[in-house]
Amino acid sequence: MFGFGQMINILKKNPKKIVFTEGNDPRILEAASRLLASYFLNPILVGDEDEIIAAAEECGYNIRGAEIIDPEKYKDMDAMVDMFCELRKSKGVTPEEARKILSQTNYFGAMLVKMGQADALLGGATYSTADTVRPALQLIKTKPGNSIVCSCFILVRPSATGDNEVLAMGDCAINIKPTEDQLVEIAGETAECAKIFGIDPQIAFLSYSTFGSGEGEDVDKMRNAAQKAKEKYPDLPIEGELQFDAAVSVRVARTKCPESKVAGHANTFIFPDISAGNIGYKIAQRLGHFEAYGPILLGLNAPINDLSRGCTGSEVYSMAIITAALAENK
Ligand SMILES: CC(C)(COP(=O)(O)OP(=O)(O)OC[C@H]1O[C@@H](n2cnc3c(N)ncnc32)[C@H](O)[C@@H]1OP(=O)(O)O)[C@@H](O)C(=O)NCCC(=O)NCCS
């Protein structure tokens with residue numbers, strides 16, 4: 001069962017530090033003020049201290065107690081530059097270049113996590129997804145055993161009975177055209193994330209074809225990926241290739257693929273590419289009235305998450321809790 005209450009209770013026992021790379025954005029300040037009032041998550045606001053304080057005052061948010069770190073005045077910048085050069089030595093980055101790159105809050109924030117001064121990072125209120133994700137890919141890097149960083153969305157539809165409907169969808173935000181093997185990894189990571197949110201994953205590899213009803217390269221890709229995933233994760237219920245209706249409707253599944261145990265009951269969806277995934281989750285959000293949380297980045301050595309540039313302060317607050325809870329889970 002998905003619940004912020006449970007996440008907050010866990011965080012209360014072990015409060016985490018979370019970096020916000022856009023420290024003077026009003027939505028970040030709103031979220032930070034709410035977090036500071038409740039003591040389970042310590043925000044680090046990156047940016048010019050005077051500007052941040054002025055912005056908070058102007059919007060009426062109380063950020064007393066927030067740690068503010070200005071890259072221009074950062075006391076450990078020499079150590080950060082050294083570590084950055086070491087991490088990027090294959091690219092031949094000079095200390096001068098490193099200093100310039102680290103003046104950007106997205107790279108600086110990622111280095112705070114890398115140096116262990118924070119547990120997690122949330123950015124993207126003004127940076128694009130690519131500019132939020134790239135420092136994480138380059139500095140935090142893919143965790144051992146994984147070949148890619150990928151992402152999923154958690155979709156929650158509150159129900160009148162109090163039993164929320166919770167789904168997972170991957171990869172809607174990072175890998176543009178995943179290969180079969182990458183899809184297998186995306187499925188494994190999405191299923192792990194789904195479990196954190198209380199989903200018992202039933203995984204569907206989606207396509208425009210159900211068990212060979214249609215033909216094409218992408219149909220083969222999803223069928224092969226599903227087969228490989230079944231072999232790699234024998235304990236997970238996995239099916240593919242499936243059309244979305246066969247994946248979720250018991251009635252359609254009975255007609256199209258009656259032998260499948262997952263069809264009709266899927267709750268974890270693997271899309272063939274980013275176009276399908278990104279459009280798919282937004283349809284669920286805008287027309288299906290699901291709340292969408294993500295993209296949640298998967299496969300990194302530390303939790304770094306990306307906000308939508310259209311986010312609200314309340315969404316920043318929710319994503320901060322999710323990001324910190326992932327740090328706890330790690
Ligand atoms: C993720 C993304 C930003 C990477 O783009 P990029 O920075 O131009 O990619 P590059 O190929 O230059 O790679 C940059 C670095 O990240 C690494 N990288 C790229 N994709 C990666 C992945 N999926 N997993 C792990 N590492 C990855 C590269 O190896 C490279 O590392 P290096 O600098 O140490 O050599 C790109 O795939 C992208 O734009 N995805 C779509 C994002 C988007 O628009 N989403 C929709 C909105 S939510």
- Message: Using a 4.5 Å cut-off between side-chain heavy atoms of Ile, Leu, Val, Met, Phe, Trp and Tyr, which other residues end up in the same hydrophobic cluster as I279?
- Response: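 Besides I279, the hydrophobic cluster comprises I283, L287, listed by chain and residue number.
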- Message: Test question: given the 4.5 Å side-chain rule for I, L, V, M, F, W and Y, name all other residues clustered with I10, or answer none.
- Response: none
- Task: Answer yes or no: is there a side-chain heavy-atom contact under 4.5 Å between D171 and L298?
- Result: no
Taking atom types as modelled, is there a side-chain donor on [X] or [Y] under 3.5 Å from an acceptor on the other?
| X | Y | result |
| --- | --- | --- |
| K17 | Q117 | no |
| T21 | N106 | no |
| Q202 | N267 | no |
| E241 | T210 | no |
| N42 | E67 | no |
| Q104 | Y127 | no |

- Message: Using a strict threshold of under 4.0 Å (side-chain N to carboxylate O), is an ion pair present between R157 and E291?
- Response: no
Taking only residues two or more places apart in sequence or in another chain, which ones pass ring pair (Phe, Tyr, Trp, His ring centres under 6.0 Å) with [X]?
| X | result |
| --- | --- |
| F244 | F269 |
| Y281 | F153 |
| F271 | none |
| Y74 | F108 |

- Dump the intermediate steps for salt bridge (charged side-chain N to carboxylate O under 4.0 Å, His left out) on D200 and K195, then the final yes or no. CA-CA 6 Å; D200 183 13; K195 287 180 195 167; over 6 Å; no
Looking at residues at least two apart in the chain, or sitting in another chain, which of them share a side chain to side chain donor-acceptor pair (under 3.5 Å) with [X]?
| X | value |
| --- | --- |
| N9 | none |
| R34 | none |
| E49 | none |
| D78 | R99 |

- Name all pairs fulfilling the salt bridge (Lys or Arg N to Asp or Glu O under 4.0 Å) condition that reach into residues 107-117, sequence neighbours left out, sorted by first residue then second.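 For residues 107-117: none.
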- According to the salt bridge (Lys or Arg N to Asp or Glu O under 4.0 Å) rule, which pairs have a member within residues 300-315, sequence neighbours left out? none
- Should we say atom CD of E231 is surrounded by more than 12 heavy atoms from elsewhere, each under 6.0 Å from it?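 Count over threshold, so yes.
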- side-chain contact (heavy atoms from CB on, under 4.5 Å) between I238 and F205, worked out: CA-CA 8 Å; I238 294 172; F205 280 71; 3.6 Å; yes
- Apply the test salt bridge (charged side-chain N to carboxylate O under 4.0 Å, His left out) to residues E97 and K100: give CA-CA distance (whole Å), side-chain angles for both, the deciding distance (0.1 Å), then the verdict. CA-CA 5 Å; E97 287 165 340; K100 200 163 165 213; over 6 Å; no
